[in-house]
Protein chains: 2
Amino acid sequence: MQSTTDWSCGVSRVMDLVAGKWKLNILWLIYNEEGIRFNQLKNRTIGITNIMLTRSLATLISAELVSNNLVGDKAPFKSKYYLTARGKSLVPLMQTLNDWGQNNL
Amino acid sequence: MQSTTDWSCGVSRVMDLVAGKWKLNILWLIYNEEGIRFNQLKNRTIGITNIMLTRSLATLISAELVSNNLVGDKAPFKSKYYLTARGKSLVPLMQTLNDWGQNNL
DNA sequence: CGGAATCCCTTGCGATACTG
DNA sequence: CAGTATCGCAAGGGATTCCG
């Protein structure tokens, strides 16, 4: 077993990456529909507002879990979101979280 | 695949259980030393204060992830902490978190 | 030894309105 | 369509002090 200090440090950093009210939900939606659009994400994330979706996406992009592809230089824009390789690597973790919830909630 | 709504609901509730700066670290320490004492937890959780350890433990106990066994009715007290069955069921999840951190941070 | 009480600061979250 | 600007509330986190 590794030292407790190493363990808690790594786990805390992982938690920081995905902490927040919306981030895991958004990651999951993008995983299920690569290239999903901003308004699609908004409509499928019950209760989220523009500003929270914008902020959450910005955080995910800066964490290199999500990438953005903006097409067009004038309205109507077409912005598509994808998981990066790093983002995709989180999928098993998200499924583990979901499994625990199914079995223990 | 289950519906996105069900997924996000379950995952959010799991995250709520373990969210916070100290809770997973504390769970891990108790897992590694059943019956660990308050001051042992404090000394092994770098930077935590009395009040934060008290609050975190109270939250974990009310979530039925940790149980407390207080011995004695006057100072010096001996308070011991244990994982409940529910708390132990989180161990694979914590290890998955740690594994992801080792591979991706 | 194992806490609790109080006060305070920072951060996250969100309502509303506006824009290229 | 895909955001941004502003303002404000509430919750989380923490320093300090005190206690049975």
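For the numbers below, each heavy atom of this structure counts, side chains included, while hydrogens, waters and symmetry mates do not. Per chain, numbering begins at 1; letters A, B, ... match sequence-line order.
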Donor-acceptor pair, [X] side chain versus [Y] backbone, under 3.5 Å?
{"X": "A:Asn32", "Y": "A:Trp28", "answer": "yes"}
{"X": "A:Asn98", "Y": "A:Met94", "answer": "no"}
{"X": "A:Lys42", "Y": "A:Phe38", "answer": "no"}
{"X": "B:Arg13", "Y": "A:Gly101", "answer": "no"}

Side-chain contact test, heavy atoms from C-beta onward, threshold under 4.5 Å: evaluate it for A:Val18 versus B:Met15 and give yes or no. yes
Contact class for B:Lys42 vs. all strands (heavy atom < 4.0 Å): base, sugar-phosphate, or nothing?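 The answer is nothing, as B:Lys42 stays clear of every strand by at least 4.0 Å.
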When you measure only distances, ignoring hydrogens and angles, does the side chain of B:Asn39 come within 3.5 Å of the base of C:dG2 through a donor and an acceptor?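 Donor-acceptor pair under 3.5 Å: no.
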Assess whether one donor atom and one acceptor atom, taken from the side chain of A:Arg55 and the base of C:dG14, lie less than 3.5 Å apart. yes
Which whole-number value in Å describes the distance from [X] [atom1] to [N] [atom2]?
{"X": "B:Ile61", "N": "C:dG2", "atom1": "CD1", "atom2": "C1'", "value": "12 Å"}
{"X": "A:Leu57", "N": "C:dG12", "atom1": "CG", "atom2": "P", "value": "16 Å"}
{"X": "B:Leu17", "N": "D:dG12", "atom1": "CG", "atom2": "P", "value": "14 Å"}
{"X": "B:Ile51", "N": "C:dC9", "atom1": "CD1", "atom2": "C1'", "value": "16 Å"}
{"X": "B:Met52", "N": "D:dT16", "atom1": "CE", "atom2": "P", "value": "16 Å"}
{"X": "A:Met15", "N": "D:dG13", "atom1": "CE", "atom2": "P", "value": "11 Å"}
{"X": "B:Ile48", "N": "D:dA15", "atom1": "CD1", "atom2": "P", "value": "11 Å"}
{"X": "A:Ile36", "N": "D:dC1", "atom1": "CD1", "atom2": "P", "value": "14 Å"}

From the list [options], which nucleotide is the closest neighbour of the side chain of [X]?
{"X": "B:Pro76", "options": "C:dG3, D:dA2, C:dC1", "result": "C:dC1"}
{"X": "B:Lys21", "options": "C:dG3, C:dG14, D:dG13", "result": "D:dG13"}
{"X": "B:Phe38", "options": "C:dC13, C:dA15, C:dG2", "result": "C:dG2"}

Taking the nucleotide of DNA chain C with the nearest heavy atom to each, does A:Phe77 or A:Asn50 sit closer to the 5' end?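 With A:Phe77 and A:Asn50 compared, the 5'-side residue is A:Asn50.
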Less than 4.0 angstrom between a side-chain N/O of [X] and OP1 or OP2 of [N], yes or no?
{"X": "B:Trp22", "N": "D:dG12", "answer": "no"}
{"X": "A:Ser79", "N": "D:dG3", "answer": "yes"}
{"X": "B:Tyr81", "N": "C:dG3", "answer": "yes"}
{"X": "A:Arg37", "N": "D:dA2", "answer": "yes"}
{"X": "A:Thr54", "N": "D:dA2", "answer": "no"}

